[in-house]
Amino acid sequence: QVQLVESGGGLVQAGGSLRLSCAASGRSFANYGVGWFRQAPGKEREFVATINRYSGDTYYSDAVKGRFTISRDNAKNTLYLQMNNLEPEDTAVYYCAAGTNAIIVMTTAEYWGQGTQVAVSS
């Protein structure tokens, strides 16, 4: 199993940037497909981005494509989400997740962090 802890959230103005980190411990980070999800107030949790465990190929939701970048550093056991050109609608709690498939979606995520709050002001 793997334990995940997110950090890097905060309050930022629209158009600004944040970089989220997800530190993993336990089983080697390289053994998991990983991704980011978010949950806005009053809404369901939704997929944001994932990165292929083997190939490094990345996939994004339409809402964030072109603005967010997911990356991983296996040596540091850390997953990142670089968020640029933030909009108020990006306000949410952001969660990292891991699974034993090459990539993950909501239904296949096996391990979750506790989340980090991102708030974007207009």
- Query: Is it true that atom CD of Glu89 has more than 12 heavy atoms of other residues, nucleotides or ligands lying nearer than 6.0 Å?
  - Reply: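 More than 12 within 6.0 Å, yes.
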When you measure from the side chain of [X] to the backbone of [Y], do you find a donor-acceptor pair of N or O atoms at a distance under 3.5 Å?
| X | Y | value |
| --- | --- | --- |
| Gln117 | Ala92 | yes |
| Asn101 | Ile103 | no |
| Asn52 | Ser55 | yes |
| Thr91 | Ala119 | no |
| Thr58 | Ile51 | no |
| Trp36 | Tyr80 | yes |
| Glu6 | Gly115 | yes |

What I'd like to find out is whether the side chain of [X] reaches to under 4.5 Å of the side chain of [Y], using heavy atoms alone.
| X | Y | answer |
| --- | --- | --- |
| Thr100 | Asn31 | no |
| Met83 | Leu20 | yes |
| Leu18 | Val118 | yes |

- Separation between SG of Cys96 and CD of Gln114, rounded to the nearest 0.5 Å: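 Output value for this atom pair is 10.5 Å.
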- Task: Kindly write out the residues that satisfy ring-ring contact (aromatic ring centres under 6.0 Å, His included) with Tyr111, not counting sequence neighbours, or none if the list is empty.
- Result: Tyr32
- Task: Output all residues satisfying ring-ring contact (aromatic ring centres under 6.0 Å, His included) with Phe47, sequence neighbours left out; order by chain, then residue number.
- Result: Phe37
Looking at [X] and [Y], what are the two nearest heavy atoms and their distance?
| X | Y | value |
| --- | --- | --- |
| Asn85 | Asp90 | O-OD2, 4.4 Å |
| Ala98 | Leu4 | N-CD1, 3.8 Å |
| Ile104 | Ala109 | CD1-CB, 4.4 Å |
| Ala14 | Ser122 | CB-CA, 4.4 Å |
| Thr78 | Ala23 | OG1-CA, 4.4 Å |
| Gly9 | Thr116 | N-OG1, 3.1 Å |

- Do Tyr59 and Leu81 share a hydrophobic cluster, counting only Ile, Leu, Val, Met, Phe, Trp and Tyr and linking them when any side-chain heavy atoms are less than 4.5 Å apart?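 No, Tyr59 and Leu81 fall in different hydrophobic clusters.
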- Query: Are Trp112 and Val48 in one and the same hydrophobic cluster, where Ile, Leu, Val, Met, Phe, Trp and Tyr link if side-chain heavy atoms are under 4.5 Å apart?
  - Reply: no
- Task: Quick one: which residue pairs count as a side-chain hydrogen bond (donor to acceptor under 3.5 Å, both in side chains) with a foot in residues 13-22, not counting sequence neighbours?
- Result: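 Of all non-adjacent pairs touching residues 13-22, those that pass side-chain hydrogen bond (donor to acceptor under 3.5 Å, both in side chains) are Ser17-Asn84.
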- Message: What verdict does the side chain to side chain contact (heavy atoms under 4.5 Å, CB included) test give for Val105 and Thr50, after you've listed the backbone C-alpha separation in whole Å, the side-chain angles of each residue and the deciding distance to 0.1 Å?
- Response: CA-CA 8 Å; Val105 296; Thr50 188; over 6 Å; no
- Stepwise side chain to side chain contact (heavy atoms under 4.5 Å, CB included) check, Glu87 with Arg67: CA-CA 10 Å; Glu87 302 289 344; Arg67 299 188 298 120; 4.0 Å; yes
- Task: For the residue pair Phe68 and Tyr94, categorise the inter-ring angle as parallel (less than 30°), tilted (30 to 60°) or perpendicular (more than 60°).
- Result: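 Tilted.
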- Message: Could you check whether Arg38 makes a cation-pi contact with Tyr95, meaning its NZ or CZ is under 6.0 Å from the centre of the six-membered ring and within 45° of the ring axis?
- Response: no
